[in-house]
Q: 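Sharing a structure with you now.
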Amino acid sequence: MLKNKNILIIGANSDIARSLIKYLFSFNVNIFATYRKDIPETLDNFLPLFLDICDEDSYLEFKKNIKNTKFDAVVNFSGVAITSPVSNLKSDDLRHQMEVSVIAFSRFLSFIYPYLNKNSKMINISSMASFGIFPFISPYCAAKAAADIILNAFELETGIKCVSIKPGVVKTKFWQYCIDLNKDNFENFSNEYSEIGQFLLENAKNNANKGLLPDDVAKVILKAIKSKNPKKSYLIGHDAYFASFSRFIPKSILNFLITKTLNYRVRKFKNGK
């Protein structure tokens, strides 16, 4: 079914992308994988390429390497997660979140469209955060929701099959990457937010060692690639399904439940220290 297909992986250094590439090696497909650093060696049917989707100049060389290629499936893993209380959120941090997850993503869709065919699939790695119910990571929630909207519009306008993958918590190095990225932002959690800031930091560290395995998500992505008519959205993990149910709960009740749950977890964390 996948024999001789051309698969493009954007942001191939992520743990989930590596798992997906591992599975794709089992099929006779041509894998194109992009990296911003630590580019691996070229192998049979595996071509690693440099691309920074936020840098328009990097597309010039990338374009030369994929000349005359049509991709049967494209999977985008690029992303960042900015955390901060809204009251202390810096505009530059919000701008960076939107630049990577929304503006650069839109730019990439515009670029890649001529390299797709009518049966191609455009797959974006979203998150349960796209349902927008998590406080203190509102930039990430907003960016993921916006990317889903742009992705759906891209399908409506072009006819290209588009898929949004929405996993819950996954054991990946992305958590440590986000901790490092937000190192300076933790000063935003001062005074009234100090306890919640400490809790969120510890929770992020714990998330790196719990939840779904990268293989669990990669298998669902592979299913979407192989499917003739994939679903528009795939929820992965119990927490992702729970987040999706928030759409059917009145906002006042939902906010009450989220506040009570978060306060309980912060108290439990504080008492457990």
Side-chain angles (χ1 to χ4, degrees), residues 11-23 75-85 97 100-101 123-141 143-145 147-148 164-183 185-186 188-189 193-224 233-246 249 254 257-273:
N13 251 336
S14 81
D15 292 329
I16 301 173
R18 290 178 177 179
S19 292
L20 176 61
I21 290 171
K22 176 187 67 178
Y23 286 120
V75 188
N76 176 48
F77 286 92
S78 60
V80 296
I82 298 296
T83 179
S84 175
Q97 176 73 77
V100 175
S101 300
I123 301 172
N124 189 50
I125 308 307
S126 185
S127 167
M128 65 177 178
S130 64
F131 295 108
I133 65 172
F134 302 106
F136 302 102
I137 58 167
S138 60
Y140 183 62
C141 294
K144 287 300 185 182
D148 274 351
S164 177
I165 303 292
K166 295 181 172 62
V169 173
V170 187
K171 297 180 185 179
T172 70
K173 63 178 182 289
F174 181 71
W175 293 101
Q176 186 58 52
Y177 168 71
C178 291
I179 290 172
D180 295 340
L181 177 68
N182 288 280
K183 187 176 181 179
N185 282 0
F186 283 112
N188 294 347
F189 290 88
Y193 299 116
S194 59
E195 290 183 357
I196 186 69
Q198 294 173 23
F199 163 73
L200 291 174
L201 178 59
E202 193 62 31
N203 190 59
K205 293 177 180 177
N206 292 336
N207 283 343
N209 298 301
K210 71 177 184 180
L212 300 163
L213 294 174
D215 278 6
D216 296 329
V217 183
K219 289 176 182 176
V220 176
I221 300 170
L222 182 62
K223 178 181 178 181
S233 180
Y234 289 83
L235 297 170
I236 312 173
H238 297 300
D239 46 354
Y241 277 94
F242 175 79
S244 72
F245 292 147
S246 66
I249 302 175
L254 179 63
L257 293 173
I258 292 172
T259 300
K260 286 293 184 181
T261 301
L262 183 58
N263 289 341
Y264 168 77
R265 294 187 66 189
V266 172
R267 285 197 304 270
K268 185 177 179 181
F269 166 74
K270 182 181 177 181
N271 295 332
K273 290 177 62 178

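Numbers for residues simply follow the sequence, beginning at 1. Scope of the values below: all heavy atoms of this structure, side chains included, with no hydrogens, waters or symmetry mates.
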Q: Taking atom CZ of Phe242 as the centre, does the number of heavy atoms from other residues, nucleotides or ligands within less than 6.0 Å exceed 12?
A: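 Counting neighbours around CZ of Phe242, 12 or fewer heavy atoms of other residues, nucleotides or ligands fall under 6.0 Å, so no.
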
Q: side-chain hydrogen bond (donor to acceptor under 3.5 Å, both in side chains) for Asn124 and Ser164? Distances and angles first, verdict last.
A: CA-CA 5 Å; Asn124 189 50; Ser164 177; 5.6 Å; no

Q: Could you state the interatomic distance from NZ (Lys22) to CG (Leu222), rounded to the nearest 0.5 Å?
A: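 Between Lys22 NZ and Leu222 CG, I get 11.0 Å after rounding to 0.5 Å.
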
Q: Where is the tightest heavy-atom contact between Gly11 and Ala17, given as atom of each residue plus distance?
A: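 Heavy atoms of Gly11 and Ala17 come nearest at O-CB, 3.8 Å.
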
Q: Step by step, work out the side-chain contact (heavy atoms from CB on, under 4.5 Å) result for Val169 and Trp175.
A: CA-CA 10 Å; Val169 173; Trp175 293 101; 4.0 Å; yes

Q: Could you check if a side-chain atom of Pro135 sits within less than 4.5 angstrom of a side-chain atom of Leu262, using non-hydrogen atoms only?
A: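 Result yes, sub-4.5 Å side-chain heavy-atom pair found.
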
Q: Take Leu20 and Phe77 through the test side-chain contact (heavy atoms from CB on, under 4.5 Å) and record every step on the way to the result.
A: CA-CA 11 Å; Leu20 176 61; Phe77 286 92; 4.1 Å; yes

Q: To the nearest 0.5 Å, what is the distance between CG on Asp215 and OG on Ser19?
A: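 Answer rounded to 0.5 Å: 4.0 Å.
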
Q: How many angstroms lie between CD1 in Ile179 and CG in Leu200, if you round to the nearest 0.5 Å?
A: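 That separation rounds to 10.5 Å.
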
Q: Of all the heavy-atom pairs spanning Ala243 and Phe134, show the shortest one and how long it is.
A: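 Closest approach of Ala243 to Phe134, heavy atoms only: CB-CZ, 4.5 Å.
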
Q: With a 4.5 Å heavy-atom cut-off, do Ile16 and Val170 have their side chains touching?
A: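 The answer is yes; the side chains approach within 4.5 Å.
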
Q: With a 3.5 Å distance limit and no angle check, can you tell me whether Ser130 reaches the backbone of Ser126 through a side-chain donor-acceptor pair?
A: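 The answer is no, because no donor-acceptor pair under 3.5 Å joins these two groups.
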
Q: Answer yes or no: is there a donor N or O on one side and an acceptor on the other, between the side chain of Asn271 and the main chain of Arg267, under 3.5 Å?
A: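 Yes; at least one donor-acceptor contact below 3.5 Å.
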
Q: Without hydrogens or angle criteria, can the side chains of Ser101 and Gln97 be said to hold a donor-acceptor pair below 3.5 Å?
A: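 Yes, Gln97 and Ser101 have a side-chain donor paired with an acceptor closer than 3.5 Å.
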
Q: Testing the basics here: between Tyr177 and Gly79, what is the closest heavy-atom pair and its distance to 0.1 Å?
A: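 Result for this residue pair: CE2-O, 4.1 Å.
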
Q: Could you walk me through whether Phe136 and Ile196 pass the side-chain contact (heavy atoms from CB on, under 4.5 Å) check?
A: CA-CA 9 Å; Phe136 302 102; Ile196 186 69; 3.7 Å; yes

Q: Are Ile165 and Ile123 close enough that some pair of their side-chain heavy atoms sits under 4.5 Å apart?
A: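 In contact.
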
Q: Let me see the working for Leu201 and Lys205 under side-chain contact (heavy atoms from CB on, under 4.5 Å), right down to the final yes or no.
A: CA-CA 6 Å; Leu201 178 59; Lys205 293 177 180 177; 4.1 Å; yes

Q: Taking atom NZ as the centre, does Lys223 end up with more than 12 heavy-atom neighbours from other residues, nucleotides or ligands that are less than 6.0 angstrom away?
A: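 Open.
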
Q: Is the shortest heavy-atom distance from the side chain of Lys144 to the side chain of Asp148 under 4.5 Å?
A: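 When only atoms from C-beta onward are counted, Asp148 and Lys144 do not touch, as no gap falls below 4.5 Å.
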
Q: For the OG atom of Ser78 and the CG atom of Asn13, what is their distance to the nearest 0.5 Å?
A: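 That separation rounds to 12.5 Å.
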
Q: Within a strict 4.5 Å, meaning less than it, do heavy atoms of the Thr172 and Ser14 side chains meet?
A: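 No; the side chains remain at least 4.5 Å from each other.
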
Q: So, does Asn182 use its side chain to make a donor-acceptor pair with the main chain of Thr83 at under 3.5 Å?
A: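 At least one qualifying donor-acceptor pair exists.
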
Q: Measure across Asp239 and Ile236 and return the closest heavy-atom pair with its distance rounded to 0.1 Å.
A: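 Minimum heavy-atom separation between Asp239 and Ile236: OD1-O, 4.3 Å.
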
Q: Passes side-chain hydrogen bond (donor to acceptor under 3.5 Å, both in side chains), Lys166 versus Ser233? Steps please.
A: CA-CA 7 Å; Lys166 295 181 172 62; Ser233 180; 3.2 Å; yes

Q: Compute the centroid of each ring, for Phe131 and then for Phe245, and state whether the two points are separated by less than 6.0 Å.
A: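 When the ring centroids of Phe131 and Phe245 are compared, they turn out to be at least 6.0 Å apart.
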
Q: Using every non-hydrogen atom in the two residues, find where Gly211 and Lys171 come nearest and quote the distance to one decimal.
A: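 Closest approach of Gly211 to Lys171, heavy atoms only: O-CE, 3.6 Å.
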
Q: Would you say Asn203's side chain and Phe199's backbone share a donor-acceptor pair under 3.5 angstrom?
A: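 No: the side chain of Asn203 does not pair with the backbone of Phe199.
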
Q: Specify the closest pair of heavy atoms between Ile258 and Ile133, including all atoms of both residues, with the distance to one decimal.
A: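 Scanning both residues, the minimum pair turns out to be CD1-O, 3.1 Å.
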
Q: Quick one: pull up CD1 in Ile82 and CG in Leu181 and give me the separation to the nearest 0.5 Å.
A: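 Reported value, rounded in 0.5 Å steps: 4.0 Å.
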
Q: Using 30° and 60° as the class boundaries, would you call the ring planes of Tyr193 and Phe189 parallel, tilted or perpendicular?
A: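 It falls in the perpendicular class, over 60°.
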
Q: Working to the nearest 0.5 angstrom, can you tell me the gap between Glu202 CD and Asn207 CG?
A: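 The CG atom of Asn207 is 10.5 Å from CD of Glu202, to the nearest 0.5 Å.
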
